[in-house]
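Written below as C-alpha coordinates is the structure these notes are about.
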There are 2 protein chains.
Amino acid sequence: MHFNELIKIVKKRREVLQVTQETLAELSGVGLRTLKQFESGKGNPTLLTLQKITDVLGMEVT
Amino acid sequence: MHFNELIKIVKKRREVLQVTQETLAELSGVGLRTLKQFESGKGNPTLLTLQKITDVLGMEVT
DNA sequence: CAACAAAGAGCCATATTATGCACTTTAACG
DNA sequence: CGTTAAAGTGCATAATATGGCTCTTTGTTG
(Lines give C-alpha, C1' and ligand atoms only; values in the text may rest on other atoms or scores of the structure.)
Protein backbone atom coordinates (compact mmCIF):
# COMPACT_ATOMS: atom_id res chain seq x y z
CA MET A 1 0.00 0.00 0.00
CA HIS A 2 1.16 3.44 -0.86
CA PHE A 3 2.08 5.96 1.70
CA ASN A 4 -0.64 8.40 0.78
CA GLU A 5 -3.34 5.78 0.82
CA LEU A 6 -2.23 4.73 4.24
CA ILE A 7 -2.49 8.27 5.49
CA LYS A 8 -5.95 8.69 4.02
CA ILE A 9 -7.17 5.52 5.63
CA VAL A 10 -5.83 6.42 9.05
CA LYS A 11 -7.18 9.92 8.80
CA LYS A 12 -10.57 8.76 7.70
CA ARG A 13 -10.71 6.20 10.44
CA ARG A 14 -9.92 8.82 13.02
CA GLU A 15 -12.62 11.09 11.69
CA VAL A 16 -15.16 8.31 11.63
CA LEU A 17 -14.44 7.72 15.28
CA GLN A 18 -14.77 11.46 15.83
CA VAL A 19 -11.46 11.73 17.55
CA THR A 20 -9.30 14.80 17.26
CA GLN A 21 -5.61 14.62 16.57
CA GLU A 22 -5.01 15.81 20.08
CA THR A 23 -7.05 13.03 21.62
CA LEU A 24 -5.55 10.39 19.40
CA ALA A 25 -2.11 11.63 20.32
CA GLU A 26 -2.90 11.26 23.99
CA LEU A 27 -4.51 7.87 23.65
CA SER A 28 -1.76 6.44 21.51
CA GLY A 29 1.15 7.95 23.37
CA VAL A 30 2.43 9.52 20.20
CA GLY A 31 3.38 13.16 20.27
CA LEU A 32 0.82 15.53 18.84
CA ARG A 33 3.43 17.04 16.58
CA THR A 34 4.35 13.63 15.27
CA LEU A 35 0.76 12.75 14.53
CA LYS A 36 0.19 16.03 12.76
CA GLN A 37 3.24 15.49 10.62
CA PHE A 38 2.15 12.03 9.73
CA GLU A 39 -1.39 12.99 8.77
CA SER A 40 -0.23 15.97 6.77
CA GLY A 41 1.97 13.66 4.74
CA LYS A 42 5.23 15.11 5.87
CA GLY A 43 6.48 12.27 7.93
CA ASN A 44 8.12 8.93 7.59
CA PRO A 45 7.11 7.39 10.88
CA THR A 46 8.80 4.45 12.46
CA LEU A 47 6.91 1.22 12.59
CA LEU A 48 6.45 1.66 16.30
CA THR A 49 4.84 5.05 15.89
CA LEU A 50 2.53 3.73 13.22
CA GLN A 51 1.52 0.79 15.34
CA LYS A 52 0.75 2.95 18.32
CA ILE A 53 -1.59 4.97 16.16
CA THR A 54 -3.28 2.08 14.41
CA ASP A 55 -3.68 0.19 17.67
CA VAL A 56 -5.84 2.91 19.13
CA LEU A 57 -7.84 3.14 15.95
CA GLY A 58 -8.50 -0.58 16.00
CA MET A 59 -6.46 -1.09 12.87
CA GLU A 60 -3.52 -3.27 12.15
CA VAL A 61 -0.32 -3.13 10.16
CA THR A 62 0.24 -6.32 8.25
CA MET B 1 0.36 -7.71 13.43
CA HIS B 2 3.07 -7.90 16.00
CA PHE B 3 6.55 -6.79 15.39
CA ASN B 4 8.06 -10.21 15.82
CA GLU B 5 5.59 -11.85 13.50
CA LEU B 6 6.37 -9.30 10.88
CA ILE B 7 10.05 -10.02 11.17
CA LYS B 8 9.49 -13.73 10.90
CA ILE B 9 7.40 -13.35 7.81
CA VAL B 10 9.91 -11.12 6.08
CA LYS B 11 12.77 -13.37 7.04
CA LYS B 12 11.00 -16.47 5.87
CA ARG B 13 10.04 -14.85 2.64
CA ARG B 14 13.63 -13.89 1.97
CA GLU B 15 14.79 -17.41 2.69
CA VAL B 16 12.15 -18.93 0.46
CA LEU B 17 13.43 -16.74 -2.33
CA GLN B 18 16.94 -17.85 -1.46
CA VAL B 19 18.22 -14.34 -1.20
CA THR B 20 20.93 -13.39 1.25
CA GLN B 21 20.68 -10.33 3.46
CA GLU B 22 23.46 -8.83 1.43
CA THR B 23 21.63 -9.28 -1.85
CA LEU B 24 18.36 -8.06 -0.44
CA ALA B 25 20.12 -5.01 0.93
CA GLU B 26 21.51 -4.21 -2.49
CA LEU B 27 18.26 -4.85 -4.30
CA SER B 28 16.18 -2.82 -1.90
CA GLY B 29 18.56 0.04 -1.41
CA VAL B 30 18.54 -0.47 2.31
CA GLY B 31 21.84 -0.64 4.12
CA LEU B 32 23.02 -4.08 5.05
CA ARG B 33 23.45 -3.03 8.65
CA THR B 34 19.89 -1.78 8.77
CA LEU B 35 18.52 -4.97 7.32
CA LYS B 36 20.51 -7.08 9.75
CA GLN B 37 19.24 -5.04 12.65
CA PHE B 38 15.68 -5.36 11.49
CA GLU B 39 15.80 -9.12 10.98
CA SER B 40 17.51 -9.68 14.28
CA GLY B 41 14.68 -7.85 15.99
CA LYS B 42 16.74 -4.92 17.13
CA GLY B 43 15.37 -2.31 14.86
CA ASN B 44 12.45 0.00 14.62
CA PRO B 45 12.55 0.76 10.92
CA THR B 46 10.84 3.66 9.32
CA LEU B 47 7.91 2.90 7.11
CA LEU B 48 10.02 3.78 4.10
CA THR B 49 12.69 1.28 5.03
CA LEU B 50 10.14 -1.42 5.57
CA GLN B 51 8.49 -0.71 2.27
CA LYS B 52 11.77 -0.86 0.40
CA ILE B 53 12.34 -4.29 1.82
CA THR B 54 8.87 -5.65 1.28
CA ASP B 55 8.72 -4.27 -2.23
CA VAL B 56 11.66 -6.36 -3.32
CA LEU B 57 10.21 -9.40 -1.63
CA GLY B 58 6.94 -8.94 -3.45
CA MET B 59 5.13 -8.18 -0.24
CA GLU B 60 3.07 -5.27 0.86
CA VAL B 61 2.48 -3.27 4.00
CA THR B 62 -1.18 -2.64 4.53
C1' DC C 1 39.04 -30.07 12.32
C1' DA C 2 39.55 -26.54 8.39
C1' DA C 3 37.40 -23.48 5.28
C1' DC C 4 33.86 -20.89 3.74
C1' DA C 5 29.38 -18.27 3.56
C1' DA C 6 25.89 -16.05 5.98
C1' DA C 7 24.24 -13.77 9.85
C1' DG C 8 24.88 -11.06 14.09
C1' DA C 9 27.06 -7.40 16.73
C1' DG C 10 30.24 -3.28 18.26
C1' DC C 11 31.83 1.27 17.14
C1' DC C 12 30.95 5.55 15.25
C1' DA C 13 29.51 9.45 12.18
C1' DT C 14 25.63 11.36 9.90
C1' DA C 15 20.80 11.85 8.76
C1' DT C 16 16.26 11.73 10.18
C1' DT C 17 12.45 11.13 13.39
C1' DA C 18 10.00 12.37 17.69
C1' DT C 19 8.65 15.90 20.52
C1' DG C 20 7.23 20.37 22.82
C1' DC C 21 6.10 25.15 22.37
C1' DA C 22 4.34 28.95 20.09
C1' DC C 23 2.23 30.81 16.10
C1' DT C 24 -0.68 30.66 11.78
C1' DT C 25 -4.24 28.88 8.97
C1' DT C 26 -8.66 26.82 8.10
C1' DA C 27 -13.43 25.85 8.82
C1' DA C 28 -17.74 26.23 11.05
C1' DC C 29 -20.45 28.60 13.73
C1' DG C 30 -23.31 32.94 15.77
C1' DC D 1 -16.87 40.18 11.35
C1' DG D 2 -15.45 37.84 15.82
C1' DT D 3 -15.01 33.53 18.17
C1' DT D 4 -13.72 29.00 18.70
C1' DA D 5 -11.95 24.34 17.69
C1' DA D 6 -9.14 21.74 14.91
C1' DA D 7 -5.41 21.29 11.94
C1' DG D 8 -1.01 22.81 10.02
C1' DT D 9 3.83 24.97 10.45
C1' DG D 10 8.59 26.89 12.15
C1' DC D 11 12.05 26.15 15.16
C1' DA D 12 15.06 23.88 18.48
C1' DT D 13 16.60 19.73 20.93
C1' DA D 14 16.77 14.89 22.28
C1' DA D 15 16.43 10.48 20.70
C1' DT D 16 16.85 7.15 17.25
C1' DA D 17 17.57 5.16 12.53
C1' DT D 18 20.79 4.58 8.91
C1' DG D 19 24.91 2.86 7.08
C1' DG D 20 29.92 1.58 6.57
C1' DC D 21 33.66 -0.95 8.53
C1' DT D 22 35.36 -4.57 11.16
C1' DC D 23 35.10 -8.50 14.03
C1' DT D 24 32.63 -12.50 16.00
C1' DT D 25 29.36 -16.17 15.83
C1' DT D 26 26.90 -19.72 13.55
C1' DG D 27 26.07 -23.25 10.26
C1' DT D 28 27.39 -26.11 6.51
C1' DT D 29 30.47 -28.93 3.80
C1' DG D 30 34.57 -31.44 2.71
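Everything numeric in this text was worked out from a predicted model, so none of it was measured. Below, each value reflects all heavy atoms present in this structure, side chains not excepted, and no hydrogens, waters or symmetry copies. In what follows, every chain begins at residue 1, and chains take the letters A, B, ... in the order their sequences are listed.
Of the residues near DNA chain C, Glu15(B) and Gln37(B), the one whose nearest nucleotide (by heavy atom distance) lies more toward the 5' end is Glu15(B). When the nearest nucleotides of DNA chain D are assigned to Leu32(B) and Gly43(B) by heavy-atom distance, the more 5′-ward of the two goes with Gly43(B).
The phosphate of dG8(D) (OP1 or OP2) has a side-chain N or O of Gln21(A) nearer than 4.0 angstrom. Of the side-chain N and O atoms in Asn44(B), none sit less than 4.0 angstrom from OP1 or OP2 of dT16(D). Taking only side-chain nitrogens and oxygens, Lys36(A) never comes nearer than 4.0 Å to OP1 or OP2 of dT25(C). The phosphate of dA9(C) has OP1 or OP2 within less than 4.0 Å of a side-chain N or O from Ser40(B).
With 3.5 Å as the limit, one finds a donor-acceptor pair spanning the side chains of Thr62(B) and Thr62(A). In summary, the side chains of Gln21(A) and Lys36(A) do present a donor paired with an acceptor at a separation below 3.5 Å, with no hydrogens or angles considered.
Within 4.0 Å (heavy atoms only), Lys52(B) reaches no atom of the nucleic acid at all. Backbone-only contact: Thr46(B) has heavy atoms under 4.0 Å from sugar-phosphate atoms and none from a base.
Judged by distance alone, with hydrogens and angles left aside, the side-chain atoms of Thr49(B) form no donor-acceptor pair with the main-chain N or O of Pro45(B) at under 3.5 Å.
With a 4.5 Å cut-off on side-chain heavy atoms, Ile53(B) and Arg14(B) do not count as touching.
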